[in-house]
Q: 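Got a structure for you, written out below as structure tokens; questions coming shortly.
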Amino acid sequence: MQYTIYNIIDTDVKRGKEKLLLNYKLVVVDLDDSLLNCVSQISEGNQRAIKKARDKGVMVTIATGRIFSSALPFAKQLGINIPIISCQG
């Protein structure tokens with residue numbers, strides 16, 4: 001099973017562990033096979049999960065082996081305004 005941001009946060013919420021998000025200051029996610037689905041898009045579920053984390057004050061950014069110009073559109077889509085980690089970045 002491919003674990004996505006949505007799966008992890010949604011599972012914790014169902015178990016009554018949503019308050020655990022408050023302990024995190026930063027969430028860093030990879031793009032390929034993590035944040036992006038099989039058609040290289042950010043699913044609505046992952047977008048909701050990231051919004052939920054950000055609404056709770058958690059900073060979210062991307063770490064990827066892709067070059068910066070390839071990762072930037074996804075960072076913009078998510079409204080990331082902190083540094084991202086990229087290859088040759």
Side-chain angles (χ1 to χ4, degrees):
M1 174 180 180
Q2 177 181 351
Y3 288 95
T4 62
I5 305 301
Y6 173 75
N7 294 131
I8 293 167
I9 291 175
D10 189 50
T11 299
D12 282 348
V13 170
K14 286 179 183 172
R15 291 181 184 162
K17 297 180 183 177
E18 185 172 9
K19 62 185 174 196
L20 291 178
L21 278 178
L22 298 174
N23 294 329
Y24 293 98
K25 305 269 189 252
L26 174 67
V27 172
V28 182
V29 293
D30 186 22
L31 289 177
D32 299 303
D33 298 324
S34 296
L35 184 64
L36 303 181
N37 60 21
C38 61
V39 290
S40 295
Q41 295 177 342
I42 304 171
S43 71
E44 287 185 29
N46 279 348
Q47 289 182 51
R48 281 192 307 271
I50 287 172
K51 181 181 181 326
K52 185 181 291 185
R54 292 177 76 190
D55 288 348
K56 298 207 178 283
V58 178
M59 294 183 290
V60 178
T61 195
I62 294 169
T64 182
R66 292 181 177 213
I67 61 172
F68 180 78
S69 61
S70 177
L72 187 58
F74 299 107
K76 286 183 177 181
Q77 180 182 352
L78 294 172
I80 293 174
N81 59 0
I82 61 174
I84 64 173
I85 303 162
S86 65
C87 176
Q88 302 174 351

Q: For a quick test of reading the model, state the closest non-hydrogen atom pair linking I62 to A71 and the distance between them.
A: CD1-O, 4.4 Å

Q: Once rounded to the nearest 0.5 Å, what's the spacing between atom OG1 of T64 and atom CG of L36?
A: 8.0 Å

Q: Tell me the closest heavy-atom pair linking C87 and G65, and the distance in Å.
A: CB-O, 2.9 Å

Q: Just how far is it from atom CD of Q47 to atom CD of Q41, taken to the nearest 0.5 Å?
A: 9.5 Å

Q: To the nearest 0.5 Å, how far apart are CG in L26 and OG1 in T61?
A: 7.0 Å

Q: So how far is it from N37 CG to D32 CG, rounded to the nearest 0.5 Å?
A: 11.0 Å

Q: Which distance, rounded to the nearest 0.5 Å, do you find between the CD1 of I84 and the CG of L72?
A: 6.0 Å

Q: If you look only at pairs with a residue in residues 68-81, which of them pass as a side-chain hydrogen bond (donor to acceptor under 3.5 Å, both in side chains), with sequence neighbours excluded?
A: R66-S70

Q: Pick from L78, D30, V60: which one makes a side-chain contact (heavy atoms from CB on, under 4.5 Å) with L35?
A: L78

